[in-house]
Amino acid sequence: MAETIVMKFGGTSVAAPEDIKRAARRIVDARELGKQVVAVLSARGKTTDDLVAQAFEISERPLAREMDMLLSTGERISCALCAMAIHDMGHNAISLTGSQAGIVTDSSHTRARIIEVRGDRIREGLGADRIVLVAGFQGVSGDSRDVTTLGRGGSDTTAIAIAAALGADLCEIYTDVAGVFSADPRIVPGARKLPHLSFDEMLEMSSSGAGVLQLRAVEYARNHAIRIHCRSSFDDHPGTLVLAEDETMERPMVTAVTHAYEARVTLTGLRDEPGVAGRVFGALADANVNVDMIIQNEPVSVDQKADLSFTVASEDLGAATDVLAPLEVGEAIETDPRVGKVSIVGAGMRSHPGVAARVFSTLGENQINIEMISTSPIKISCVIAAGQVPDAVRVIHEAFDLGAEAVREEDPSGEHRPRVTS
Ligand code: ADP
Ligand code: ASP
Ligand code: MG
């Protein structure tokens, strides 16, 4: 049987008519090499942002079910247009919505999780010698049969889930950058393209803000052993392979610097007694609010009260304060709608002490105040003022010599040299 390949094209890769035609060309090229092709497409350019803005022009708190009806249209447009382009190139293509493709999810609107990929119509299409285009970022609730969406960046997850369902062991993610870099290349132009990364490193990168691959997509890929090739849709150069860590893999101390923006909630004057944190975080979990960093101080003297701070995704701030207010566990709830977070990730950190100290002193030397800290075996994150994020990313990237220039000197093999054009 012919090899099956799943190719995903992000928003920038299908923005203008010529972009859709370029994506169609690439899909057709793969088909002409004898492969069975499934392509997952995102909404064109800023379409999803525009649709979100349209909802808020109408309503302050748009219904989540209707939000999903609205947002899922963007990816359908891309697929229908791309199918037309493929037909014009002399090939047979069929576009499918997430629901038609059998992407079954739970019912949590705007952040649904994939439960099952039935994929009957995908297989049927491939069997009939067609190229199958699937609208990314959406599915259908197995319970309510309503349309759901998978959270921002969710087309990545659609693609990986389809690759897993079809038994493919590789999924190609075509995007507007050449791969996964040592920092967001929009902030650090000298960032280095990483030839390969382990799932664990990519998980930490995605969870700390590297939006180039959606966190759930990386989790899904790791759980189903699907290698990811993240690469540019604008040229043919190889990008970054994300795969299971093996013995031969180079483990740099620090691989990348990532950044994100979140909201912070501080509960002041908390009663210092057992069960308070359980009630606070239990209520947040019931409201489906994911908590990222947490800091609680222990009161110094007996009659003093504790303060508890934590960060959540900005869009969850309203829900968080709504559920905490009635609990009455403390004196006040303070919020900061936008704080910055800068993190460093590296599998080699496990065996190199002193990384955290270097991060803290680098930030300090650059007058960047650290407000919260959290660590995992392969990540260190600091909450800082939102306005200082770009500087923080640049100085840490520099302090750990992560740039292409530094690598050029240290890497006599030349393997990691950036392409130099004279
Ligand atoms: P797509 O629409 O193709 O899904 P995204 O906007 O979701 O594209 O992801 C690509 C963007 O991710 C890049 O344009 C880049 O600015 C950003 N990004 C953030 N961190 C990184 C990183 N470490 N490496 C590469 N890109 C990154
Ligand atoms: N269009 C959706 C978004 O902008 C999903 C995606 O692009 O992956 O988040
Ligand atoms: Mg994306």
Side-chain angles (χ1 to χ4, degrees), residues 1-11 13-14 20 22-43 75-76 78-79 82-83 86 91-105 114 116-139 150 153-175 179-180 199 202 212-214 216-233 236 238-244:
M1 218 180 79
E3 181 194 348
T4 303
I5 180 160
V6 179
M7 310 167 89
K8 178 256 170 177
F9 293 87
S13 309
V14 290
I20 295 212
R22 186 185 311 106
R25 182 79 259 161
R26 220 182 247 279
I27 293 167
V28 163
D29 285 349
R31 177 75 200 116
E32 288 178 350
L33 285 174
K35 296 178 187 172
Q36 294 198 314
V37 188
V38 179
V40 173
L41 268 43
S42 289
E75 306 2 60
R76 296 171 58 163
S78 304
C79 285
C82 191
I86 292 173
H91 282 262
N92 229 326
I94 180 173
S95 65
L96 300 174
T97 64
S99 168
Q100 288 173 326
I103 313 272
V104 181
T105 70
I114 296 179
E116 186 192 352
V117 177
R118 298 208 175 119
D120 302 343
R121 294 196 63 183
I122 302 179
R123 287 190 198 89
E124 228 173 82
L126 294 176
D129 227 6
R130 286 169 148 171
I131 290 167
V132 179
L133 300 164
V134 179
F137 168 63
Q138 56 188 274
L150 309 179
S155 299
D156 296 339
T157 306
T158 305
I160 304 285
I162 290 177
L166 297 179
D169 61 0
L170 176 78
C171 180
E172 292 190 319
I173 305 274
Y174 287 90
T175 185
V180 180
F199 285 125
M202 195 63 230
V212 59
L213 292 174
Q214 198 206 30
R216 279 190 186 167
V218 186
E219 280 172 348
Y220 210 106
R222 183 190 55 181
N223 295 345
H224 293 82
I226 309 286
R227 283 175 302 140
I228 304 174
H229 186 184
C230 175
R231 58 194 301 193
S232 168
S233 63
D236 286 331
T240 299
L241 267 184
V242 185
L243 67 185

| said: Contact between Arg227 and Asp169 at the side-chain level, heavy atoms closer than 4.5 Å - yes or no? | reply: yes
| request: Would you mind reporting whether Phe9 and Arg26 have side-chain heavy atoms less than 4.5 Å apart? | output: yes
| note | side-chain hydrogen bond (donor to acceptor under 3.5 Å, both in side chains) filter on Ser95, not counting sequence neighbours, yields none
| said: What I'd like to find out is whether the side chain of Leu241 reaches to under 4.5 Å of the side chain of Leu170, using heavy atoms alone. | reply: yes
| said: Within the structure provided, determine whether Arg216 and Leu150 are in side-chain contact (heavy-atom separation under 4.5 Å). | reply: no
| query | Less than 4.5 Å apart, any side-chain heavy atom of Ile27 and any of Leu133? | reply | yes
| said: Please determine whether side-chain contact (heavy atoms from CB on, under 4.5 Å) holds for the pair Ser42 and Glu75, giving the CA-CA distance in whole Å, both sets of side-chain angles, and the decisive distance to 0.1 Å. | reply: CA-CA 5 Å; Ser42 289; Glu75 306 2 60; 3.9 Å; yes
| task | Give, for atom CD1 of Ile228 and atom OH of Tyr220, the distance between the pair rounded to the nearest 0.5 Å. | result | 12.5 Å
| remark: Here the gap from Ser13 atom OG to Met7 atom CE, rounded to the nearest 0.5 Å, amounts to 11.0 Å
| request: Check whether any side-chain heavy atom of Val242 sits under 4.5 Å from a side-chain heavy atom of Leu213, and report yes or no. | output: yes
| query | How would you list, by chain and number, every residue that makes a salt bridge (Lys or Arg N to Asp or Glu O under 4.0 Å) with Arg130, sequence neighbours excluded? | reply | none
| field | Gap between atom CD1 of Ile160 and atom CD1 of Ile114 - 0.5 Å precision | value | 10.0 Å
| query | To the nearest 0.5 Å, how far apart are CD1 in Ile5 and CG in Leu166? | reply | 12.0 Å
| task | Please list, chain by chain and in numerical order, all residues satisfying side-chain hydrogen bond (donor to acceptor under 3.5 Å, both in side chains) with Thr157, sequence neighbours excluded. | result | Gln214
| note | Interatomic distance, CG@Leu41 vs CZ@Phe137, rounded to 0.5 Å, equals 14.0 Å
| field | Results of side chain to side chain contact (heavy atoms under 4.5 Å, CB included) for Leu33 - residues two or more places apart only | value | none
Which atom pairs, donor and acceptor, lie under 3.5 Å between side-chain atoms of residues 119-129 and protein residues at least two apart or in another chain?
{"residue": "Arg123", "atom": "NH1", "partner": "Arg118", "partner atom": "O", "Å": "2.9"}
{"residue": "Arg123", "atom": "NH2", "partner": "Ala165", "partner atom": "O", "Å": "3.3"}
{"residue": "Asp129", "atom": "OD1", "partner": "Arg31", "partner atom": "NH2", "Å": "2.6"}

| So do the side chains of Ile162 and Ile103 get within less than 4.5 Å of each other, counting heavy atoms only? | yes
| remark: In terms of heavy-atom contacts, Cys82 and Ile20 come closest through CA-CG2, 3.7 Å
| said: If the condition is side-chain hydrogen bond (donor to acceptor under 3.5 Å, both in side chains), which residues does His91 pass it with, not counting sequence neighbours? | reply: Glu32
| Would a distance-only check, ignoring hydrogens and angles, find a side-chain to backbone donor-acceptor pair under 3.5 Å from His229 to Gly239? | yes
| Under 4.0 Å between a Lys/Arg side-chain N and an Asp/Glu carboxylate O for Asp29 and Lys35? | no
| query | Should Arg231 and Glu172 count as an ion pair when the cut-off is N to O under 4.0 Å? | reply | yes
| request: Working to the nearest 0.5 Å, report the span between NZ of Lys8 and OG1 of Thr175. | output: 6.0 Å
| said: Is there a side-chain contact (heavy atoms from CB on, under 4.5 Å) between Arg76 and Gln138? Walk through the geometry before answering. | reply: CA-CA 10 Å; Arg76 296 171 58 163; Gln138 56 188 274; 4.1 Å; yes
| Thr4 (side chain) donor-acceptor with Ala168 (main chain) under 3.5 angstrom | no
| message | I'd like to know whether Gln36 forms a side-chain contact (heavy atoms from CB on, under 4.5 Å) with Glu3, so could you lay out the CA-CA distance, the side-chain angles of the two residues, the decisive distance to 0.1 Å, and finally the verdict. | response | CA-CA 6 Å; Gln36 294 198 314; Glu3 181 194 348; over 6 Å; no
